Amino acid sequence: MSNYQKPRGTDDVYGSEITKWHYIEALIREICYLYRYHEIRTPIFEHTEVYKRQEDSSDMVNKEMYTFDDNGGRSLTLKPEGTAGIIRAFVENKLYNTTDLPLKLYYIAPNFRYERPQKGRMRIHYQFGVEAIGEKNPTVDVEVIFLGYSLLTALGLQDLKVLVNTLGDDESRSAYRSALKTHFKQHLASMCPDCQKRYEQNPLRILDCKVDKEHPAMLSAPEISDYLSEQAKTYFASVLNDLKLLGIDYQIEPKLVRGLDYYSDTVFEVVSCNKDMGSQATIFGGGRYDKLVEYYGGPKMSGIGFGMGIERLLVALEAEGIDVAQPHECDLYIMPLDASYQSEALALATIARSNGFTTDMDYQKRSMKAQFKAADRANAKVIAILGEDEIKSSQVTLKNTLTKDQVTVSYFDLLATLESWLVEEEDIDEPHDHENCDCTHHH
RNA sequence: GUGGCUGUGGCGAAGUUGGUUAACGCACCGGAUUGUGGCUCCGGCACUCGUGGGUUCAAGUCCCAUCAGUCACCCCA
């Protein structure tokens with residue numbers, strides 16, 4: 001056994017598992033293309049200050065970051081979330097000068113968080129995320145939510161719940177915050193230590209507490225809806241209206257406040273309610289942020305985005321019994337019956353490959369029986385046998401594994417036979433048209 | 001950071017109160033079938049029993065530590 005093992009909470013992805021990733025990533029890019037969101041790649045590490053915002057009370061920022069000193073005395077941190085780096089890039093590159101706002105961006109990138117692993121939670125996990133920056137408009141909020149949601153439905157997921165809430169604008173939130181403070185003040189002693197800390201740092205997050213969720217003070221706590229400004233109310237109403245318009249069966253969750261401190265107005269989470277999902281049920285979540293662009297030194301601009309955990313998406317697919325693994329096809333499998341015929345086999349394989357046939361061969365000098373079994377495992381459509389008789393006459397025996405037809409032809413006729421067997425009316429030069437077919441549904 | 005369960009060949013999995021060369025199944029390789037596979041039969045391969053200490057004449061089996069997996073809390077995607 002190896003003396004080396006991967007670090008805790010990381011994973012090696014290979015075999016049929018990696019084909020699921022390829023499939024999902026391709027679908028993501030396709031959907032983002034349709035919505036005209038553009039990919040952005042930002043560094044996998046940033047200066048620590050980019051992530052460690054002042055007055056941010058979230059655990060992610062304060063105790064889960066992989067922070068290290070580069071060799072020049074600078075403190076860098078491995079990306080723990082997607083939004084911060086993108087806003088930094090948005091400001092640094094002055095992308096706010098773009099004429100057509102909002103600027104719509106997406107990314108697929110690894111995130112690093114020091115946490116105890118469990119189902120749906122890894123120390124390195126991948127997020128697909130989206131940010132629409134520079135236009136505060138309910139239409140944009142709903143477009144963002146729908147984009148993520150449509151990926152899930154395109155994959156065939158059904159056990160979904162869309163949770164939404166509003167945290168209001170600054171005015172609403174500070175009114176609500178002080179209302180919460182006065183409400184919880186008298187009950188503080190009987191509440192959990194975390195809540196006592198939250199009371200000081202960010203009273204909104206008390207609502208998120210699972211320990212005290214049955215606490216009488218929690219049940220009687222004031223709700224944000226009573227403190228919303230007129231503006232925030234109409235904004236949220238408009239979001240809900242557009243969600244309904246697009247046929248999204250949302251659920252208003254008054255206690256949904258999200259873990260990051262920078263959110264305002266619309267916040268949302270899409271969760272899987274499948275019983276096999278485990279306790280980490282949120283597939284994607286996000287919200288609007290009004291102050292972040294300014295915080296990083298840009299103009300006063302609002303943005304909205306979400307992060308979606310790919311691993312969690314895979315868990316959700318598994319839970320609903322949806323298999324998106326893609327087979328690796330094999331048009332031709334070549335069997336050299338003697339080690340001395342392997343060069344001919346390689347030459348034939350090269351010809352087949354350069355003409356677009358996926359081709360494999362046996363390299364192991366095994367028995368004919370073993371080579372047939374290998375061809376079966378590869379799911380070969382055609383098997384080419386290269387034995388003594390064939391080599392002598394510069395021929396190859398081809399067996400169609402589906403029809404069991406078998407012919408012996410010259411090397412020159414290899415391609416013609418493959419074409420007649422494998423290429424039917426379908427034109428192989430045309431790229432597959434995904435937009436007009438239902439090939440995204442594989443189960 | 002806290003807690004429960006787990007760790008035996010590529011995979012699955014036996015292993016009783018510690019006792020000679022650690023079952024079995026799958027997979028793989030060879031043969032029966034000297035050039036036609038997916039069935040059957042026979043044979044074969046398989047590296048420290050997670051790692052490191054300890055107790056003992058003797059440890060996969062007991063003790064300690066450590067690493068990892070898994071699930072839950074916390075938090076989040």
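Below, each value reflects all heavy atoms present in this structure, side chains not excepted, and no hydrogens, waters or symmetry copies. Just so it is clear, the model here is predicted, and its values are computed rather than measured. Chain A is the first sequence line, chain B the second, and so forth, proteins listed ahead of strands; every chain is numbered from 1.
Where pairing requires Watson-Crick or G-U contacts shorter than 3.5 Å, the helical stems of RNA chain B with at least three consecutive pairs are B:1-7 with B:67-73, B:10-12 with B:24-26, B:28-32 with B:40-44, B:50-54 with B:62-66.
A donor atom on one side chain and an acceptor atom on the other are not found under 3.5 Å apart for A/Glu320 and A/Ser272. Residues A/Thr42 and A/Lys79 have side chains that bring a donor and an acceptor to within less than 3.5 angstrom of each other. Between the side chains of A/Arg29 and A/Tyr106, at least one donor N or O lies within less than 3.5 Å of an accepting N or O.
With hydrogens and angles left out, the side chain of A/Gln406 and the base of B/U36 share a donor-acceptor pair within 3.5 Å. For A/Arg312 and B/C76, a side-chain-to-base donor-acceptor distance below 3.5 Å is present, hydrogens and geometry of angles not being considered.
Under 4.0 angstrom from either OP1 or OP2 of B/C29 there lies at least one side-chain N or O belonging to A/Arg366. For A/Thr282, no side-chain nitrogen or oxygen approaches OP1 or OP2 of B/A77 to under 4.0 Å. At B/U70, none of the side-chain N or O atoms of A/Gln118 fall inside 4.0 Å of OP1 or OP2 (strictly under the cut-off). Regarding contacts with the backbone of B/C71, every side-chain N or O of A/Arg121 stays at 4.0 angstrom or more from both OP1 and OP2. Contact annotation: A/Thr397 does not reach the phosphate of B/U36 (side-chain N/O to OP1 or OP2, under 4.0 Å).
When heavy atoms are screened at a 4.0 angstrom cut-off, A/Met335 is found touching no nucleic acid atom at all. Among the atoms of the strands shown, none is found under 4.0 Å from any heavy atom of A/Gly129. Nucleic acid contact class of A/Gln280 (heavy atoms, under 4.0 Å, all strands): base. Base contact: A/Glu390 has a heavy atom under 4.0 Å from a base atom. Within 4.0 Å (heavy atoms only), A/Asp389 reaches at least one base atom of the nucleic acid. Among the heavy atoms of the strands, none lies under 4.0 Å from A/Glu269. Base contact: A/Lys404 has a heavy atom under 4.0 Å from a base atom. A/Ile283 comes within 4.0 angstrom of sugar-phosphate atoms only, judged by non-hydrogen atoms across all strands, and of no base. Within 4.0 Å (heavy atoms only), A/Lys369 reaches at least one base atom of the nucleic acid. Among the atoms of the strands shown, only primed sugar atoms or phosphate atoms (P, OP1, OP2) are found under 4.0 Å from some heavy atom of A/Gly307. Residue A/Gly148 is out of contact with every strand shown, counting any heavy-atom pair closer than 4.0 Å.
Salt bridge status for A/Glu294 with A/Lys291: absent, with no side-chain N to carboxylate O gap under 4.0 Å. By the 4.0 Å N-to-carboxylate-O rule, A/Arg53 lies close enough to A/Glu81 to be salt-bridged with it.
Put simply, the side chain of A/Thr83 reaches to within 4.5 Å of the side chain of A/Tyr262, judged on heavy atoms. Residues A/Glu30 and A/Leu27 are in side-chain contact: their nearest non-hydrogen atoms beyond the backbone lie under 4.5 Å apart.
Straight-line distance between the P atoms of B/A68 and B/G31: roughly 46 Å, to the nearest whole Å. Comparing B/C42 with B/G4, their C1' atoms are spaced 48 Å from each other, to the whole Å.
Within the cation-pi definition used here (under 6.0 Å to the ring centroid, within 45° of the axis), A/Arg41 does not qualify as a partner of A/Tyr107.
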**Request:** Summarise protein proximity over nucleotides 3-8 of chain B in one line of letters, 5' to 3': B for base, S for sugar-phosphate only, - for none, counting protein heavy atoms closer than 4.0 Å.
**Result:** B-----

